[in-house]
J.: 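Here it is, the structure in full.
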Amino acid sequence: MANVLLDHVAAKVEEALAALGVQGFDVREVIEIPPGRELGDYAFPCFQLARVLRKAPDRIAEELGQRIGPTELIERVEVVKAYVNIFLNRDESSRRVVEAVLARGDDYGKSDVGNGKTVVLDFSSPNIAKPFHVGHLRSTIIGHSLARIFESLGFKTVRINHLGDWGTQFGKLIVAYRRWGDRARLEAEPIRELLDLYVRFHQEAENDPSLEDEARAAFKALEDGGVEETRLWQEFRDLSLEEFERTYRRLGVHFDSYLGESAYNEAIERTVAELEAKGLLKESEGALVVELEGMPPCLIKKKDGATLYATRDLAAAVHRYETYRFDHMFYVVGAPQQLHFAQVFGVLKRMGYPWVEACEHIAFGHVRFGDEAFSTRKGNVIFLEELLDQAVARVRAIIEERNPELEEKDRVAEAVGVGAVIFNDLAHNRIKDVVFDWETALNFEGDTGPYVQYTHARAASVLRRGVEEGVAPAGAFSVGRGDLAGEEEFQLAKALAQYPDAVQRAAEEREPSEIARYLLDLCRDFNSFYHAHRIVGSPNARARLALVAAVKQVIKNGLYLLGIEAPEAM
RNA sequence: GCGCCUAUAGCUCAGAGGAUAGAGCGCCGGCCUCCGGAGCCGGGUGCGCAGGUUCGAGUCCUGCUAGGCGCACCA
């Protein structure tokens with residue numbers, strides 16, 4: 001499934017090129033949308049052909065232009081210098097696009113290019129016993145969105161939550177809990193209690209460095225199967241997971257596997273043995289490392305014999321390949337960990353696993369708060385729940401003010417508030433750092449999730465109106481010849497035609513923001529159209545309603561890929 | 001010190017090597033007894049610096065500057 005307009009144009013350009021004796025030229029790559037409408041709908045610049053054909057680009061354009069005859073879709077061709085500018089027939093193009101969108105419905109934009117290949121996505125992966133804060137949100141929703149995008153392109157996906165449920169931090173928590181823990185509070189609000197313990201540990205450790213040693217010893221005891229340590233760890237883990245599940249439900253996120261770092265305690269020994277057998281382990285300052293080219297060595301075991309993050313990631317990668325035989329594995333983890341993944345991939349390569357080429361670190365910029373980094377240790381965090389609650393509350397207030405008759409206010413407020421938070425994060429290129437501020441996060445005007453959802457609700461409202469007026473009862477749209485001949489209708493339809501391209505790009509770049517931005521553009525176009533033209537009261541109301549239905553469908557499909565709901569009213 | 005990332009409008013950000021660099025926020029001014037004003041229309045300022053590659057560079061390369069992140073027993 002691709003762009004119904006561009007496909008036609010590209011095919012015609014290719015035919016014309018063939019007539020000039022040019023084969024295998026990637027027309028789709030070169031063809032572009034001109035900067036101004038007066039220059040046509042699509043343009044084909046001929047500069048690159050000048051070298052191939054050894055002719056002046058202007059002349060090539062001239063010859064090409066003559067060979068691209070009018071078709072049902074192509075109305076005329078104008079050559080301007082080295083550009084072949086193609087003008088489409090408004091009515092026919094709009095009609096075809098609208099019909100294609102409505103015919104495919106929820107499937108519009110999907111394709112089967114993935115051909116059943118498997119993508120494993122490692123995302124979210126919060127640390128147990130630490131609050132789920134705004135910093136974790138990015139991994140969670142970028143991963144979730146990428147999973148949906150790849151599914152829509154015919155890939156099989158496996159969502160893995162690689163829980164941070166192992167490591168020295170648990171030594172710290174065990175030590176802190178033994179000294180200052182409050183049983184009742186742990187059961188009532190586990191994450192808060194664990195966070196406080198964690199923060200207090202670091203405060204006290206500043207004056208008493210021996211605590212750090214004690215914590216390392218406690219973790220070693222845990223790793224060696226100490227009964228008391230294991231019991232506490234299990235409890236911390238269970239209680240934390242319950243809280244995370246609540247947040248995941250709100251975000252509509254689910255996982256196929258919750259195998260966290262702790263799941264690899266046995267596999268790790270096999271991995272270390274394998275490294276040993278392959279002669280890759282070197283002793284260095286008492287620790288075991290694998291040396292790598294062009295970067296610092298990867299630490300495999302500490303001098304006390306305990307394992308490290310990288311060791312567990314290695315074991316996990318091997319296990320995942322054995323389990324899923326993935327064609328791609330995405331690690332949706334913050335950019336600060338680039339070196340870590342370069343090292344892990346480097347070790348896998350030295351181990352001789354060809355599938356390391358399928359592993360990819362999907363890095364994203366970190367979230368800062370003002371000029372301070374979020375720091376769990378300092379307790380300087382914004383809880384995601386708090387952000388979601390505030391967003392939902394504000395939406396609720398706006399509904400009360402502007403649409404008090406709305407049904408299911410709470411459900412809609414939840415969808416819009418959560419959608420605002422998600423969209424705010426997905427609207428930017430993932431690699432950019434984001435500075436969190438409440439004003440931006442809780443703004444619902446302009447380039448925001450609620451704007452897109454509002455546009456969807458407005459389209460839904462117009463369609464309901466069409467039914468009420470008996471113009472298009474029960475969605476009985478029909479687009480006859482001549483119905484969509486207008487310029488504005490065409491521009492909207494052209495935007496709809498581009499949706500599959502946006503999805504494709506989002507997948508190729510692993511960049512959900514491509515879809516977010518596409519939706520903003522589409523919504524702007526639609527709202528302009530809406531304000532400029534009557535729909536229900538117009539002579540071609542049925543056709544315009546079909547166009548509105550197509551717009552609504554595409555917004556819904558796009559929001560779904562971002563993990564955002566599309567309410568019928570708000 | 002070494003490595004990675006970033007630098008575009010007052011702010012937040014888009015920009016497929018191609019024609020005249022675009023949105024949102026903020027500010028100012030408008031929007032019809034009519035389909036939802038979370039909307040629409042109008043108003044202006046900009047590619048960090050210096051070279052290079054190319055028919056053509058905001059986009060690619062090199063150097064510099066500024067900011068962020070990372071660099072051994074945390075994850």
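Naming: A, B, ... by sequence-line order, numbering from 1 per chain. Note: hydrogens, waters and symmetry copies are ignored here, and every other heavy atom, side chains too, is used.
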J.: May I ask which nucleotide in the shown strands pairs with B:C35, Watson-Crick or G-U wobble, both distances under 3.5 Å?
T.: none
J.: It should be established whether A:R216 places a side-chain nitrogen or oxygen under 4.0 Å from OP1 or OP2 of nucleotide B:C74.
T.: yes
J.: Rounded to whole Å, how long is the line connecting atom CG of A:L53 with atom P of B:C55?
T.: 17 Å
J.: For B:A14 and A:K432 - does any side-chain N or O of the residue sit under 4.0 Å from the phosphate oxygens OP1/OP2?
T.: yes
J.: Quick one: label A:M570 by what it contacts on the DNA or RNA (base, sugar-phosphate, nothing), any heavy atom closer than 4.0 Å.
T.: base
J.: Need one value for A:A43: base, sugar-phosphate or nothing, where a base atom within 4.0 Å counts as base even if backbone is also close, heavy atoms only.
T.: base
J.: Give the intermediate values and the outcome of side chain to side chain contact (heavy atoms under 4.5 Å, CB included) for residues A:F364 and A:D433.
T.: CA-CA 7 Å; A:F364 55 85; A:D433 290 350; over 6 Å; no
J.: Once you apply a heavy-atom cut-off of 4.0 Å, does A:I399 come out as touching a base, just sugar-phosphate, or nothing?
T.: base
J.: Could you state the CD-P distance from A:E400 to B:G36, rounded to the nearest angstrom?
T.: 20 Å
J.: For the ring pair A:F341 and A:Y331, is the centre-to-centre distance below 6.0 Å?
T.: yes
J.: Just the atom pairs and distances: protein N or O near nucleotides 41-43 of chain B's N or O, under 3.5 Å.
T.:
from, atom 1, to, atom 2, distance (Å)
B:C41, OP1, A:S528, OG, 2.8

J.: Hunt down the Watson-Crick or G-U wobble partner of B:A66, both distances under 3.5 Å, from any strand shown, or write none.
T.: B:U6
J.: Which part of the nucleic acid, if any, lies within reach of A:T448 when heavy atoms closer than 4.0 Å are counted: base, sugar-phosphate only, or nothing?
T.: nothing
J.: When all nucleic acid strands are considered with a 4.0 Å heavy-atom cut-off, which category describes A:G167: base, sugar-phosphate, or nothing?
T.: sugar-phosphate
J.: I'd like to know if the side chain of A:T140 and the backbone of A:H136 have a donor-acceptor N/O pair within less than 3.5 Å.
T.: yes
J.: How about A:R517 and A:S513: does a side-chain donor come under 3.5 Å of a side-chain acceptor?
T.: yes
J.: Just checking A:E285: base, sugar-phosphate only, or nothing, at a heavy-atom cut-off of under 4.0 Å?
T.: base
J.: Does A:E206 CD have over 12 foreign heavy atoms under 6.0 Å away?
T.: no
J.: Using a cut-off of 4.0 Å on non-hydrogen atoms, how would the nucleic acid contact of A:V289 be classed: base, sugar-phosphate, or nothing?
T.: base
J.: Regarding A:A287, tell me which of base, sugar-phosphate or nothing describes its non-hydrogen contacts under 4.0 Å with the strands shown.
T.: base
J.: Which is true for A:H361 with a 4.0 Å heavy-atom rule: it touches a base, it touches only sugar-phosphate, or it touches nothing?
T.: nothing
J.: Within the 4.0 Å heavy-atom criterion, would you say A:Q337 contacts the bases, only the backbone, or no part of the nucleic acid?
T.: base
J.: With sugar-phosphate meaning primed atoms plus P, OP1 and OP2, does A:R312 contact a base, only sugar-phosphate, or nothing at under 4.0 Å between heavy atoms?
T.: sugar-phosphate
J.: Does OP1 or OP2 of B:C34 have a side-chain N or O of A:R534 closer than 4.0 Å?
T.: no
J.: Go through the side-chain N and O atoms of A:T455 and A:N527 and say whether any donor and acceptor fall under 3.5 Å apart.
T.: yes
J.: Figure out the OH/P separation between A:Y530 and B:C35, and round it to whole Å.
T.: 6 Å
J.: Taking atom P in both B:C71 and B:A38, what distance in whole Å separates the two?
T.: 48 Å
J.: Under 4.0 Å between a side-chain N/O of A:T168 and OP1 or OP2 of B:A75, yes or no?
T.: yes
J.: What does B:G1 pair with, Watson-Crick or G-U, if both distances are under 3.5 Å?
T.: B:C71
J.: Considering Watson-Crick and G-U wobble pairs with both distances under 3.5 Å, what does B:C40 pair with?
T.: B:G30
J.: Does B:G37 have OP1 or OP2 sitting under 4.0 Å from an N or O in the side chain of A:R458?
T.: yes
J.: A:N429 side chain N/O closer than 4.0 Å to the phosphate oxygens (OP1, OP2) of B:C13?
T.: no
J.: Taking any heavy-atom pair under 4.0 Å as a contact, classify A:A342: base, sugar-phosphate, or nothing.
T.: nothing
J.: B:A14 base to A:S513 side chain: any donor-acceptor pair below 3.5 Å?
T.: no
J.: Please tell me if A:Y454 has a side-chain N or O lying less than 4.0 Å from either OP1 or OP2 of B:A38.
T.: yes
J.: Name the nucleic acid region contacted by A:I535, choosing base, sugar-phosphate or nothing; use a 4.0 angstrom heavy-atom cut-off, strictly under.
T.: base
J.: Looking at every strand, decide which applies to A:F47 at a 4.0 Å heavy-atom threshold: base, sugar-phosphate, or nothing.
T.: base
J.: Can you tell me the Watson-Crick or wobble partner of B:G22, both distances under 3.5 angstrom?
T.: B:C13
